[in-house]
Each structure stands twice: as C-alpha cells, then as structure tokens.
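Quick notes on the structure that follows.
Per chain, numbering begins at 1; letters A, B, ... match sequence-line order.
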Number of protein chains: 2
Amino acid sequence: MDHLDFQALQLMVRQGRITWAELAPQLGLSPPAAAERVRRLEEKGMIKGYGAVLDREALGYDLTAFVGADLSHQRHRAEFLALVGSRPEILECHHVAGDHDYILKICCRNARALDRFINDVLKQGEAVARTRSIIVLSTVKEEMFVPTETGSDPGTAGG
Amino acid sequence: MDHLDFQALQLMVRQGRITWAELAPQLGLSPPAAAERVRRLEEKGMIKGYGAVLDREALGYDLTAFVGADLSHQRHRAEFLALVGSRPEILECHHVAGDHDYILKICCRNARALDRFINDVLKQGEAVARTRSIIVLSTVKEEMFVPTETGSDPGTAGG
DNA sequence: GTTGAAATATGCATTAA
DNA sequence: TTAATGCATATTTCAAC
C-alpha cells in the first residue's frame, strides 16, 4: 500500500459521503484515479464497508455498558456466539485475555433495559455463567479507526 | 421521529455507500423524498457523520486492547482529556462507574507499540496513576449502532 | 411527496506516461 | 501499470405541482 492509498483510506473514513470530485483534488488525482484507488482498497479488504455514524443518545439509547461475560463451559461457546450475532444491542464482542472470557459492548435505552437484557437474554441459556457490568457515565471519545503511520505495511512485508 | 425516519437511519447504517435511487424504494419513497428525510436526520444530529469501516488487521494494526485508567487526581482531568483527544490510537474513551475511572479502547500495531503507548504516552504526564490492560484475542463482533425499536422516541416525549 | 428538467457526478474507453 | 481526458450514462438537486 503506497502513500496515496493510505491517504485515500484516511479521507474515506473522515469524510464519508464525499464525491470523487471532492476527494480527488485532496489526493492530487483526477476523480477516476481516486475512485480506482478506493475500489482497489475495497477489493483488498482494507475497506470493509461504509455506514452512517448515529448519535445513540439523540435516538434515546441513553445507556452504554461494557459487560464482562464468562462461559460456563467451552461446550456452550457456539450457543454464546450465536446469541451474540443475533442481538443488535450487542455492539461489540471481544474474546479477551483477562478477568473474563468475553467483553461485550452493550447499548440500550436505560438501566431497566440492560437489566432485562442481562437476565432474560445473556443468562437465559446455559452458556453464560457470570457477568460483570461496567456502566458508561459519559463518553469522551468514540471514533472510527484511522490508520496513522505511512511507513511500509508490515502485513505484506516479506510476502 | 416517525417510522420512515427510523427506517432511513437503519438503511443508511447498514447499506452505506448507496444511492438515493436504491434507497428510496426500500422506504417506499421517491429519491428526493428519501434524501430530504436523511437531510433532516443530519440536521437533527441523529446522523453524526459517515465513514468507511476499515479492517484494522488488514492494515497491520493487529492489537486491540481495553485499557482501564485511573487518574492520579481530579486536577489532572483536563490534561488527560487533552491527551485522549490528541492520540489517534485511542479509538474510544469512556468515563465509567467501576474499577477504573476511564476505559480506553486502543488499537496499535503490536504488543510493543502498546507497551510504548502506555509508558511513553499514557503514563508520561502526571494525569494517569495506574492502568490495567485487557488484550483482545479475537473480535467476534464489532458493528455500528443501529436502532432497533420503532416505538415512540423517549428522547422527545413530552417536549 | 411526486414528477420532470437541469446540474452534477460517475464509469468507461482511450491515450499518454 | 497507473493516471489523465472526454464522452455517455446515472445520479442528485431544484422547482412546480
């Protein structure tokens, strides 16, 4: 990935719904050349998709929480992963090295909804043995990932 | 916010770089009407922006971690928040109720980079007294927020 | 919200570097 | 191989209904 690809990625993340005509001069390219670069980035899987960033609080989803979850047994992992995939209030799910097996980022309307989610959804099946919730009081920063270094790509070095 | 606005939001998040001509029929509207609805959602602040979703690993950023951080003293809060705002490897920063004052979501190239970040950046100033890192082994799910209920908007009720 | 027309943006083929 | 140009097509925007 050369410098122009890198710059194109940053611009796509930061400017979103921008036209090629607007993007191209910032890369020092013509619109077709800019579009071609981004198309190649999509092809290589570096751009997974596009989307709108919504204001959760403005939409009445006032509660964000990080929930640590422990599996009762390895045997229930598939059940747990299926649950994770099916529930929209689970924004993120990471398998982690630490106090818990998984960390979930949950967004719901209020504390009552979180309570219901934990009891009626997470702990309903056999998979989840224990949870620990960390409530978000305020969010200082929440941004999409933007690559920051322009050096050689370690992912392809030596390949 | 009526049902069509709601549906428009969901479609914008899920379908990303879509044309009004493609989006409109899914809302049962004409292209100008669909664009107008989305424009109003932007105006109301419900849509904060748009962006590309990048594949961090494909870009060589192989390490994601959640770092709990404690302030040494309230006096250093502004310094800490300035630091958070200035560092791109801090994807998220939440003030939380729990074991730590803040939870940071960090993305960097590898363990060495995280080590450097914690020592040379986070703990460099006076603000951060203690950190605890939880390394992400694998990410099961990481999605943008999509509202899920079509009922009345509690954020504007009674207004 | 819809329709239709004007302005704008995009995609493709060609040409050049 | 990559990018610029010009033209045809598609999309967005604006005005009128």
Side-chain angles (χ1 to χ4, degrees), chain A residues 1-55 58-59 144 146-159, chain B residues 1-55 58-60 144 146-147 149-153 156 159:
Chain A
M1 191 178 65
D2 66 17
H3 176 66
L4 275 179
D5 284 333
F6 199 89
Q7 203 182 335
L9 275 176
Q10 295 183 315
L11 289 168
M12 292 304 288
V13 174
R14 295 206 267 241
Q15 314 208 356
R17 259 184 116 68
I18 194 177
T19 64
W20 300 124
E22 290 163 339
L23 186 70
Q26 299 186 52
L27 296 170
L29 295 173
S30 63
E36 172 63 13
R37 285 208 167 256
V38 172
R39 193 195 60 74
R40 281 179 49 216
L41 291 169
E42 291 167 346
E43 217 171 46
K44 285 193 276 186
M46 287 171 172
I47 295 178
K48 290 199 284 188
Y50 303 88
V53 182
L54 306 188
D55 187 321
L59 288 160
M144 306 186 84
V146 183
T148 52
E149 300 166 29
T150 53
S152 64
D153 181 5
T156 56
Chain B
M1 189 179 65
D2 66 20
H3 175 67
L4 276 179
D5 284 333
F6 198 88
Q7 204 180 335
L9 277 176
Q10 294 183 315
L11 290 168
M12 293 301 290
V13 175
R14 293 207 268 242
Q15 313 208 357
R17 265 184 110 69
I18 194 177
T19 63
W20 299 125
E22 289 164 338
L23 189 70
Q26 300 185 53
L27 297 169
L29 297 171
S30 62
E36 172 62 13
R37 282 202 171 260
V38 171
R39 195 195 58 75
R40 280 180 49 217
L41 290 167
E42 290 167 348
E43 217 170 46
K44 284 194 276 186
M46 287 172 173
I47 294 177
K48 289 198 285 188
Y50 302 88
V53 182
L54 304 188
D55 187 319
L59 288 160
M144 307 188 83
V146 182
E149 299 166 30
T150 53
S152 64
D153 181 3
T156 56

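Counting heavy atoms from C-beta outward, B:Ile18 and B:Gln26 have side chains that approach closer than 4.5 Å. Residues A:Met12 and A:Glu42 have side chains not in contact (no heavy-atom distance under 4.5 Å, counting atoms from C-beta outward). Inter-residue side-chain proximity for A:Ile47 and B:Leu54 is flagged as met; some heavy-atom pair is nearer than 4.5 Å.
Put simply, B:Arg39 has no side-chain N or O that comes within less than 4.0 Å of OP1 or OP2 on D:dT13. Within the structure, a side-chain polar atom (N or O) of B:Arg37 is placed less than 4.0 Å from OP1 or OP2 of C:dG1.
B:Leu27 comes within 4.0 angstrom of nothing in the nucleic acid, heavy atoms only.
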Practice task
Would you give a per-nucleotide map of nucleotides 2-17 of chain C, 5' to 3', where B means the base has a protein non-hydrogen atom under 4.0 Å away, S means only the sugar-phosphate does, and - means neither?
Solution key: BB-----SSSB-----
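Taking atom CE of A:Met1 as the reference point, atom C1' of D:dT2 lies 17 Å away to the nearest angstrom. Rounded to an integer number of Å, the gap from CD of B:Glu36 to C1' of D:dT11 is 17 Å. Put simply, CZ on B:Arg40 is 18 Å from C1' on D:dT13, counting in whole angstrom units.
Of all the heavy atoms in A:Met144 and A:Val13, the pair that sits closest is CB-CG1, 3.9 Å.
Checking A:Gln15 against A:Glu22 by side-chain atom types alone, no donor-acceptor pair falls below 3.5 Å.
Between A:Arg39 and A:Glu43 there is a salt bridge, with a side-chain nitrogen of the basic residue lying less than 4.0 Å from a carboxylate oxygen of the acidic one.
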